[in-house]
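One structure is given here, and the rest of the page talks about it.
Since this is a predicted model, take the numbers as computed values, not measurements. Quick note: residue numbers are just sequence positions, from 1.
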Amino acid sequence: MTAKNNIVQLQQYSQSLKLMGNQFTITVVAENEKEGNESICLAVAEIRRIEQLLTTYKNDSQTNLINENAGIRPVTVSLEVFNLIERCIGISKITQGAFDISYGSIDKSLWNFDKSMTKLPDAATALKMVHLIDYRNIILDKENTTVFLKEKGMRIGFGGIGKGYAAEMAKLVLLKHNVQSGIINASGDLSAWGFQPNGKKWTIGVADPDAPAAPFSYMEVSDKAVATSGNYEKFVTIKGTKYSHTINPKTGLPITGIKSVTVIAANAEFADAMATPIAVMGIKAGLYLIDQIPDIYCIIIDDNNTIYTSKNINLK
């Protein structure tokens, strides 16, 4: 008798769709198209579940219930939402408030990043708007899993961490279903695990801020997450200066001087959450912080296209 050849040729399958208001591309390695599509559907279902949990566009979402009861009463939430908020507060502490989910109280009328915006709001008005941004006024009761926003008018939002959290959770669902390799890419915040069908690591392009479709550098990654925050996503140019949509929660004004921040970490939620505060903190303080935390790396590009990197990172 001759032994049959049982080697199966693995293939790569991808699908792109709009989820959480962003373009998600889900890539999996599978034995055939049916298996690949089933895996992609599992990931999409998980991302949609998280969107329902965290959205501010649905009146009955847990996020909105917390916001509606600001200054009134604590709101009971699921353990998942409670734990996420607890981790967000932890990131606020290590970034000294540069990351803060209570940024939701900034009035959209203050910053409108479209062509109609021709002048900056004055610094005093901006400062008045940010008095409600303070993660220390998010009161958690672990025993009862309640969240209370101390000040009336306070609002939380997960724009700075939600995509990364969704990518990480979708990856975990796929791993539970024995999907050994894939990438969940949430508009540049991605989690990659395993290897390509040819056995090599995944090759990730780091976007060039001046031409986001063209990478300026590549990294080979496996079991890593990459998140980029850049001023090319949303910005306004006023009197020749480019202002990023990234707002400093302490001043209410947008950051300048940094074109993009790319963070590489073991976890997509953490990478996503750290990219924006590094931009807010600035190059020196941001890199200093990254160098203090194990297993996290950073690439910063300033307005003059100078590239700064944290320790132990090699660009190709």
Side-chain angles (χ1 to χ4, degrees), residues 56 85 87-114 117-138 149 151 153-164 188-189 209 227-263 270-290 292-293 296 298-304 306 308 310:
T56 52
I85 293 171
R87 292 195 299 276
C88 286
I89 292 170
I91 293 166
S92 295
K93 286 175 181 169
I94 64 169
T95 60
Q96 296 174 337
F99 175 88
D100 196 324
I101 57 167
S102 64
Y103 72 88
S105 53
I106 286 193
D107 193 336
K108 294 288 182 280
S109 64
L110 186 72
W111 287 109
N112 179 21
F113 288 92
D114 64 20
M117 190 172 169
T118 54
K119 65 182 177 67
L120 293 177
D122 68 275
T125 305
L127 206 53
K128 211 189 290 181
M129 303 286 305
V130 298
H131 79 282
L132 288 171
I133 303 176
D134 192 342
Y135 68 92
R136 291 165 298 192
N137 287 332
I138 304 170
L149 306 182
E151 302 289 331
M154 266 183 87
R155 290 177 64 79
I156 61 166
F158 295 96
I161 197 169
K163 285 188 300 173
D189 298 344
T228 299
S229 176
N231 71 1
Y232 50 83
E233 293 159 341
K234 281 187 206 151
F235 61 89
V236 286
T237 304
I238 298 170
K239 292 181 182 170
T241 301
K242 196 172 183 180
Y243 293 93
S244 163
H245 76 294
T246 301
I247 306 291
N248 183 333
K250 291 187 173 72
T251 64
L253 295 170
I255 65 158
T256 55
I258 290 177
K259 283 184 178 177
S260 77
V261 174
T262 298
V263 172
F270 192 48
D272 185 13
M274 290 300 286
T276 301
I278 295 304
V280 170
M281 293 170 81
I283 296 162
K284 197 176 170 186
L287 289 178
Y288 179 79
L289 174 62
I290 290 290
Q292 309 309 305
I293 305 170
I296 183 167
C298 180
I299 304 159
I300 301 174
I301 303 174
D302 73 7
D303 276 355
N304 302 314
T306 306
Y308 302 84
S310 60

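- In this structure Asn248 satisfies the side-chain hydrogen bond (donor to acceptor under 3.5 Å, both in side chains) test with no other residue, sequence neighbours excluded.
- Looking at Thr306, its side chain never comes within 3.5 Å of a backbone N or O of Asp302 through a donor-acceptor pair.
- Using a 4.5 Å heavy-atom threshold, the side chains of Lys284 and Tyr288 count as separate.
- Expressed to the nearest 0.5 Å, how far CD1 of Ile138 lies from CG of Leu149 amounts to 6.0 Å.
- The CE atom of Met281 sits 8.0 Å away from the NZ atom of Lys250 when rounded to the nearest 0.5 Å.
- Side-chain atoms of Ile101 and Tyr135, non-hydrogen and from C-beta on, never get closer than 4.5 Å to each other.
- For Asp272, there are no salt bridge (Lys or Arg N to Asp or Glu O under 4.0 Å) partners at least two apart in sequence or on another chain.
- When the options Leu287, Ile278, Val263 are evaluated for a side-chain contact (heavy atoms from CB on, under 4.5 Å) with Ser310, the one that passes is Leu287.
- For the pair Val261/Cys298, a side-chain contact is recorded, criterion being any heavy-atom separation below 4.5 Å from C-beta on.
- By the 4.5 Å heavy-atom criterion applied to side chains, Leu289 and Gln96 are not counted as neighbours.
- In this structure, a donor-acceptor pair under 3.5 Å is present between the side chains of Asp100 and Ser102.
- Of the possible polar contacts, none joining the Tyr103 side chain to the Gly160 backbone as a donor-acceptor pair under 3.5 Å is found.
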